[in-house]
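Predicted model, so just to flag it, every value in this text is computed and none were measured. Each ligand, and each atom within it, is numbered from 1 in the order the structure gives. The chain is numbered in sequence order, starting from 1.
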Amino acid sequence: MAKIRIYQLAKELGMHNDELLKLLDEMGVAYKSHASTLEDSTAETVKELIGEQRVAEAARRAEEARKAIPHRPPVVVIMGHVDHGKTSLLDYLRKSRIAEKEAGGITQHVGAFEVKTPGGTVVFIDTPGHEAFTTIRARGAKVADIAVIVIAASEGVMPQTKEAIAHAQAAGAKIIFAANKIDLPNADINKVYTDLMQLGIVPVAYGGDYEVIPISARTGQGIDSLLETILLTAELEDLRADPKAEAQGVILEARVDKQAGVLASLLVQQGTLHVGDYVVAGEHWGKLKAMSDSEGTRRSEAGPGSAVQVLGFSELPVAGDTFNWVPDQIAAKEITEERIAERKSLETRPNDGGRARNLADLM
Ligand code: GDP
Ligand code: MG
């Protein structure tokens with residue numbers, strides 16, 4: 001094999017001759033000019049070095065690009081055994097938010113609401129029950145970054161507590177435990193600890209990783225500390241979303257209002273939605289005619305972490321489906337028609353294979 005000359009190697013690597021000569025100097029390689037030949041082993045070393053430099057440079061650029069994307073608020077779902085205080089905790093959080101704003105309590109249910117604290121904003125999903133959370137997960141979308149699992153300290157871990165833990169773990173959400181009803185005389189935080197330990201979940205108090213925050217959804221005790229813990233957890237997760245990306249998110253709820261028509265609640269996860277935008281969600285599309293937030297305020301745009309109610313879908317989108325921005329009606333129609341056709345072709349297959357494949361695709 002002919003030995004490679006310096007200018008040939010430089011060309012091969014897309015470098016200037018001077019750059020390569022400088023590198024050879026650094027490596028202590030002797031040469032007369034850029035026309036000198038290099039030992040095979042030297043050429044190999046140069047290639048490896050340049051390759052490593054380029055990988056490092058690409059990684060540095062990728063990290064820079066990631067850091068340029070702004071932080072977004074954490075999205076939290078509250079789960080737990082029946083009667084352990086999920087609704088009460090959401091009510092308390094919603095109320096504290098209104099008191100802060102002195103807004104007189106005009107709120108609108110849009111499937112999620114924001115709580116602003118001095119340490120940052122937290123978005124709480126408040127779709128009825130936590131079905132939405134489980135359907136959304138079953139459909140493959142991730143909505144909650146953090147699951148707050150409420151355990152009544154007067155009762156300890158119950159069957160649905162375990163289910164909630166399993167769901168949260170499967171969804172890849174960070175878990176924070178709220179030991180609720182701490183105001184009751186029979187509240188026993190130690191029982192909560194030992195119950196959790198039996199599941200292999202070691203609380204911070206026992207040297208483990210799981211935060212267990214004593215709270216009372218009735219008196220409000222400990223709720224500040226719960227919010228702080230949520231924000232601290234979110235900080236470690238380094239959650240970011242690009243407001244300039246194409247808007248994307250999840251349908252939280254959808255219903256038909258006799259007067260207004262189809263109302264859908266969306267959580268924007270990335271990008272910014274604008275009134276007038278077209279979106280597709282599953283087999284349905286809409287042109288956003290109007291948007292409003294949980295304070296009932298009309299919005300012309302909604303960025304990452306915003307939950308808004310929108311008007312403009314012609315048919316009911318499915319809760320749990322992902323929505324995506326599309327440029328226009330032509331795209332919206334073509335994409336949804338394709339999806340409908342695809343589903344129909346799977347449904348008309350003789351055996352049940354199509355359906356199973358479809359489900360498997362979603363998981
Ligand atoms: P959910 O089924 O998990 O939504 O539970 P709820 O929020 O409906 O609460 C069940 C019951 O427990 C209600 O009667 C609440 O008033 C009560 N409750 C909830 N949180 C507390 C609390 O912190 N302290 C006390 N004493 N009662 C609570
Ligand atoms: Mg409830």
Report summary line: The protein heavy atom nearest to atom 14 (O) of ligand 1 is Arg218 NH2, 4.5 Å
Query raised in the report: Just heavy atoms, cut-off under 4.0 Å: does Thr87 contact ligand 1 by side chain, backbone, both, or neither?
Result: both
Query raised in the report: Are any of the protein's heavy atoms under 4.0 angstrom from atom 21 (C) of ligand 1, yes or no?
Result: yes
Query raised in the report: Backbone or side chain, does any N or O of Gly85 fall under 3.5 Å from an N or O of ligand 1?
Result: yes
Requested in this report: Verify, without hydrogens or angle tests, whether His284 (side chain) and Pro317 (backbone) share a donor-acceptor contact under 3.5 angstrom.
Outcome: no
Query raised in the report: Can you tell which part of Lys86 has a heavy atom less than 4.0 Å from ligand 1: side chain, backbone, both or neither?
Result: both
Report summary line: atom 11 (C) of ligand 1: closest protein heavy atom, distance to 0.1 Å, is Lys181 NZ, 3.9 Å
**Report entry** Nearest-contact summary for atom 13 (C) of ligand 1 - protein heavy atom, Å
**Finding:** Ser88 OG, 4.6 Å
Query - Test item: Val148 and Met79 side chains (from C-beta on) under 4.5 Å apart, heavy atoms - result: no
Query raised in the report: Does one side chain, of His109 or Gln309, offer a donor that lies under 3.5 Å from an acceptor on the other?
Result: no
Report summary line: closest protein heavy atom to atom 24 (N) of ligand 1 is Asp183 OD1, 2.7 Å
Query raised in the report: Under a 4.5 Å cut-off applied to non-hydrogen side-chain atoms, are Tyr31 and Leu24 in contact?
Result: yes
Query raised in the report: If you look at every heavy atom in Ile201 and Phe177, which pair is closest and at what distance?
Result: CG2-CE1, 3.8 Å
Report task. Inspect the contact between Arg240 and Asp238 and indicate whether a charged nitrogen and a carboxylate oxygen are less than 4.0 angstrom apart. Result -> yes
Query - Per-atom contacts, ligand 1 versus His81 - under 4.0 Å to a heavy atom - result: 3 (O)
Query - Proximal ligand 1 atoms for Leu184, defined as those under 4.0 Å from one of its heavy atoms - result: 26 (N)
Report task. For the residue pair Tyr193 and Tyr206, categorise the inter-ring angle as parallel (less than 30°), tilted (30 to 60°) or perpendicular (more than 60°). Result -> perpendicular
Report task. Before signing off on this row, confirm whether Ala217 and ligand 1 have an N or O atom pair separated by under 3.5 Å. Result -> yes
Report summary line: The answer for which part of Asp83 has a heavy atom under 4.0 Å from ligand 1 is both
Report task. Report yes or no: does Arg339 contribute a side-chain atom to a donor-acceptor pair with the main-chain N or O of Gly282 at less than 3.5 Å? Result -> yes
Report task. Check whether any N, O or S atom of Thr87, backbone or side chain, sits closer than 2.8 Å to the Mg ion (ligand 2). Result -> yes
Query - Closest non-hydrogen atom pair between Leu267 and Phe323, with its separation - result: O-CE2, 3.5 Å
